[in-house]
Each structure stands twice: as structure tokens, then as C-alpha cells.
Amino acid sequence: MAPALLEDWCRIMSVDEQKSLMVMGIPVHCDEAEIQEVLQDTLKALGRYRLLGKIFRKQENANAVLLELMEDIDVSVIPSEVQGKGGGGIWKVIFKIPNQDTEFLERLNVFLEKERQTVSGMFRALGHEGVSPAAVPCVSPELLAHWLGQEIAQAPQPLLPMRYRKLRVFSGSAVPAPEEEPFETWLEQATEIVKEWPVAEAEKKRWLMESLRGPALDLMHIVQADNAAISVEECLEAFKQVFGSLESRRTSQVKYLKTYQEEGEKVSAYVLQLETLLQRAVEKRAIPRNIADQVRLEQVMAGASLSEVLWCRLRELKDQGPPPSFLELMKVIREEEEEEASFENENIEEPDEGDGYGHWDHEADD
């Protein structure tokens with residue numbers, strides 16, 4: 001990135017990066033005299049400086065120059081851009097601010113660019129319209145974070161309008177058209193955006209319908225006619241039931257039921273691995289969510305190599321009433337594993353009684 005190039009160039013030239021500027025985007029046809037002329041007109045407020053070097057950047061098909069400032073200046077007077085002479089376009093000015101958290105500001109700028117916003121627009125949204133663009137670089141990352149935190153905590157709506165993201169088309173047809181997405185791909189994108197988009201349910205449903213065609217659009221009309229207040233999440237669940245892969249449901253169920261504890265694997269590690277498969281099977285509706293605790297306990301008792309004590313405890317839990325949740329089951333298993341480990345350590349550390357008596361008997365004979 002540009003700041004890194006500035007740092008490396010200053011290091012090579014043995015100059016202070018805090019008192020240097022880099023100007024980028026200079027057309028290759030501009031000679032040194034023209035560059036000096038443009039910079040002298042634009043950078044008058046910076047006082048004396050000297051041109052240290054020029055390099056050609058292939059990726060931009062343009063030149064960049066490095067300047068060393070000869071006087072102490074207020075960074076707020078440094079322009080962010082320079083207007084080239086004639087058809088010279090805009091030249092970008094890169095500089096480093098003392099004590100600047102470069103990574104924070106770079107991430108902020110990337111975020112604003114993605115949301116098609118500007119730094120000035122962000123300050124207007126924060127209610128700090130008096131901050132001029134020239135003074136923006138002087139604002140510390142800590143102050144920016146403080147302002148953003150305050151406004152986000154108080155704002156009922158997003159500070160910056162989110163960019164509208166249009167879904168690809170999904171029809172649910174047996175032979176999809178070239179511009180259509182497969183169901184799983186479309187569903188993944190729709191689920192992600194629905195979670196991120198902070199707008200009313202009616203707007204989300206309208207946006208969802210824009211991507212639907214054919215049988216998929218018919219299903220959307222049916223579920224809304226059946227329940228006008230249905231949420232977008234419930235609509236997506238209906239799509240999973242109708243268009244989801246039945247084969248993937250069976251596969252997830254079989255994979256869960258055929259997973260057994262491996263040799264040398266702790267029971268707790270096996271249960272953790274099993275839980276990932278169980279949740280996947282529940283999401284695919286291969287296993288009903290309301291019996292997940294029961295299915296988990298039964299699979300652990302069938303697929304794990306349990307000690308007699310642990311098997312009895314799990315059997316007792318199964319017979320006593322509602323099966324334990326995942327965390328409750330893990331707690332029981334970890335307690336037994338720690339108890340067994342403690343017992344084994346005691347046996348290892350306990351001295352051999354015969355050897356001990358022999359040692360004292362020998363000492364007494366002496």
C-alpha cells in the first residue's frame with residue numbers, strides 16, 4: 001500500500017518519514033521542471049522542501065516523487081491532492097502523521113470506500129460538520145473511535161446507509177437458466193445479507209422477492225398468503241423444506257450416526273466432534289431439534305468407549321428424566337475424566353511399600 005511504500009522509500013533514502021511526502025499519479029510525460037512548477041504552486045504553505053527522487057510505478061503507469069520537508073509544519077495544511085497542469089489529472093499526496101494509528105485509519109478508509117461514503121460524510125453523520133477536510137488527518141484514531149462508539153450506541157438507525165446488495169436470481173426450476181444460482185448458493189447469500197441488513201421486515205421480504213422467479217416466487221406468494229406476518233427467516237426455512245437437498249439431509253444423518261470414538265481419543269473430544277455433526281444434521285432437518293439432547297446422549301452411550309462409572313452415570317441421567325444439554329453432558333464427562341486422571345496420577349506417585357521397608361531395615365542393621 002502507499003503508506004508502506006513511503007516508509008520503505010524514506011528508509012532507503014535515510015530520511016525521517018514524519019517529515020517527508022510522496023506524490024503519486026504523476027503522468028510519465030511530465031518532466032522534472034513541470035513537476036517542480038506544479039508542486040511549488042500547490043505546496044507554498046509547506047515552506048522549503050527538496051525533491052529527493054522519482055520512481056515509475058508500473059501498476060499505475062505513472063510516476064511518484066519523494067519530497068523532504070525542510071521546516072516544521074502543521075499537518076493540517078498538507079493537501080491530500082494536487083491538481084496537475086493542463087491535462088495532468090489529480091496527483092495524490094501521501095504523508096504520515098505523528099503518532100497515527102495507520103492500520104486503524106486505513107481500515108476506516110477501506111470501509112468508507114466499500115460503503116461508497118466519504119470522510120466528510122462520516123463527520124456530518126457524527127454531527128461534527130465543523131471539521132474541515134484538511135483537518136481530518138489530525139483527528140486521532142482514539143477520538144474517532146470515541147465519536148463512533150457514542151453515535152452507534154445512541155443511533156436507532158445505521159449512521160451510514162448500507163449499500164443495496166442485489167441477490168442473484170433463483171427460480172427453483174428443474175432446469176435453471178444460465179443466470180440463476182443453485183439453491184444452496186442463493187440461500188447462503190440470502191441468509192448472510194438478511195442478518196446484516198438493518199431494515200424493516202417488509203423491506204427485506206420485498207428485496208427477497210426481487211430475486212425470485214417461477215416456482216420459487218409462487219412459494220413466496222403461498223407462504224405470505226398463509227401468514228401475512230411471516231418473517232424473512234421463516235420464509236427461508238420454507239425454502240429449505242421445499243428446495244433443500246434431501247440427499248444432504250440423509251447424508252448428514254448417516255454421518256452423525258456412524259461417527260464413533262477413535263482409539264486414544266478422549267470421550268470429551270469425541271462428544272465435541274459429535275456436536276458439530278449433530279448441529280449440521282439439525283440444520284438440515286435430518287434430526288428434529290426438540291429431540292437433539294436425547295439423540296446426543298444415546299449416540300454417546302452407543303459410540304463411545306465408556307468406563308463403567310461413566311456409563312452408569314449416563315444411564316442414570318437417561319432414566320431420571322429430561323436428557324442433559326450439551327454443556328451439562330460435557331460437565332459430567334469432564335468431571336469423570338479428571339477423576340480418572342487424578343486416580344492414575346496417585347498410583348504412579350505412590351512409593352512401593354516393599355522397597356521402603358527394605359531401606360529402613362537395612363539402615364537399622366547398620
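Given the structure is predicted, the values throughout are model-derived calculations rather than measurements.
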Chemist: Show me the pairs that pass side chain to side chain donor-acceptor pair (under 3.5 Å) and involve residues 61-70, at least two apart or across chains.
Modeler: R50-E68
Chemist: With sequence neighbours excluded, tell me which residues meet salt bridge (Lys or Arg N to Asp or Glu O under 4.0 Å) with K19.
Modeler: D72
Chemist: With sequence neighbours excluded, what pairs up with E340 under the side chain to side chain donor-acceptor pair (under 3.5 Å) test?
Modeler: S307
Chemist: Holding to side chain to side chain donor-acceptor pair (under 3.5 Å), I want the full list of residues that pass it with E179, two or more places apart in sequence or in another chain.
Modeler: none
Chemist: Which residues pass the side-chain contact (heavy atoms from CB on, under 4.5 Å) test with S173, sequence neighbours left out?
Modeler: S171, P215
Chemist: May I have all residue pairs that pass salt bridge (charged side-chain N to carboxylate O under 4.0 Å, His left out) and include part of residues 254-267, sequence neighbours excluded?
Modeler: none
Chemist: Distance-only criterion, 3.5 Å: show the donor-acceptor pairs between side-chain atoms of residues 218-232 and protein atoms not counting sequence neighbours.
Modeler:
from, atom 1, to, atom 2, distance (Å)
N227, OD1, A229, N, 3.1
S231, OG, E234, N, 3.2
S231, OG, E234, OE1, 3.3

Chemist: Applying side chain to side chain donor-acceptor pair (under 3.5 Å), name anything that partners D41, two or more places apart in sequence or on another chain.
Modeler: none
Chemist: Run the ring pair (Phe, Tyr, Trp, His ring centres under 6.0 Å) test against F170 and tell me which residues pass, sequence neighbours left out.
Modeler: F183, W186, F243
Chemist: Can you give the donor-acceptor pairs under 3.5 Å from side chains of residues 267-278 to other protein atoms, not counting sequence neighbours?
Modeler:
from, atom 1, to, atom 2, distance (Å)
S268, OG, E337, OE1, 2.9
S268, OG, E337, OE2, 3.3
Y270, OH, T259, O, 2.9
E275, OE1, R296, NE, 2.7
E275, OE1, R296, NH2, 3.4
E275, OE2, Q279, NE2, 2.7
E275, OE2, R296, NH2, 3.2

Chemist: Go through the structure and list residues passing side-chain contact (heavy atoms from CB on, under 4.5 Å) with L69, not counting sequence neighbours.
Modeler: L21, L46, Y49, I73
Chemist: Can you list the residues that meet the side-chain contact (heavy atoms from CB on, under 4.5 Å) rule with S325, with sequence neighbours excluded?
Modeler: D293, L327, E328
